[in-house]
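The next block holds one structure in the form of structure tokens; read it before the comments.
Just so it is clear, the structure is predicted and the values come from calculations on it, not from any experiment.
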Amino acid sequence: MKASRPAHLLAFVLVPAILVWVLLRVTYASLPPLPWTAVPTLLLVGLAEMVTGLNTRARIHHRESAEKSKPIDPLAVARLAALGKASAHAAAVLAGTFLGFVAYLGGELDKSTPRSDFIVSAGTFLAALALVGAALFLEYCCRVPKDPEDARS
């Protein structure tokens, strides 16, 4: 498995943003107001991935804080890396979706429902970006450290 590439993540943001913006031009009036619950959910998942990444990195590098725990199973690290990659891609698509809402609703801020939806969309977009960052951090923390003997050669 290769690390997530920034160009792919950018595409996962921009393509849904454009598609949602086009779709909202036709259907926004018939949609219910956006729920705010995605913001804390995405932030909590991001926090969990950050803590997992810090713990995993400490256990891989045999840090003092992790010395009391057992060595981490390599298969578990591979699964965490896959989780990080999947979370980064899914969160990028969510960020793109809500970026499309933000782009469409930016011109409708004089009305109360679109203004409320804009605020929820902007918050969800930022929370999704935070989850992308946390997922990339988890993916980074799962890397195998370079062997010190290889560095000397």
How about [X] and [Y]: do any of their side-chain heavy atoms sit closer than 4.5 Å?
X: Leu9; Y: Phe12; value: yes
X: Asn55; Y: Arg59; value: yes
X: Cys141; Y: Ile60; value: no
X: Leu105; Y: Ser121; value: yes
X: Asp117; Y: Pro33; value: yes
X: Val132; Y: Val13; value: no
X: Cys142; Y: Thr56; value: yes

Would [X] end up clustered with [Y] when hydrophobic side chains under 4.5 Å apart are linked, directly or stepwise?
X: Phe98; Y: Leu10; answer: no
X: Val45; Y: Phe125; answer: yes
X: Leu34; Y: Phe118; answer: yes
X: Leu24; Y: Leu99; answer: yes
X: Trp21; Y: Val93; answer: no

Which atom names give the shortest non-hydrogen contact between [X] and [Y], and what distance separates them?
X: Val39; Y: Gly123; value: CG2-C, 3.7 Å
X: Ala135; Y: Glu49; value: CA-OE1, 3.1 Å
X: Ala128; Y: Leu42; value: N-CD1, 3.9 Å

*asked:* Closer than 3.5 angstrom, by distance alone: can the side chain of Glu139 be matched with the main-chain N or O of Ser4 as a donor-acceptor pair?
replied: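 Judged by distance alone, yes, a pair lies under 3.5 Å.
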
Nearest 0.5 Å, what's the [atom1]-[atom2] distance between [X] and [Y]?
X: Leu131; Y: Phe137; atom1: CG; atom2: CZ; result: 14.0 Å
X: Arg79; Y: Asp73; atom1: CZ; atom2: CG; result: 7.5 Å
X: Phe101; Y: Tyr28; atom1: CZ; atom2: OH; result: 7.5 Å
X: His89; Y: His8; atom1: NE2; atom2: NE2; result: 8.0 Å

*Under the side chain to side chain contact (heavy atoms under 4.5 Å, CB included) rule, what do Leu83 and Leu138 come out as? Steps first, then yes or no, please.*
CA-CA 8 Å; Leu83 172 68; Leu138 175 60; 4.1 Å; yes

*How would you list, by chain and number, every residue that makes a side-chain hydrogen bond (donor to acceptor under 3.5 Å, both in side chains) with Thr124, sequence neighbours excluded?*
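Checked Thr124 against side-chain hydrogen bond (donor to acceptor under 3.5 Å, both in side chains); zero matches.
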
_Taking side-chain hydrogen bond (donor to acceptor under 3.5 Å, both in side chains) as the cut-off, I'd like each qualifying pair that reaches into residues 95-115, sequence neighbours left out, listed once._
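Counting only pairs at least two positions apart or across chains, the side-chain hydrogen bond (donor to acceptor under 3.5 Å, both in side chains) contacts touching residues 95-115 are Glu108-Lys111.
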
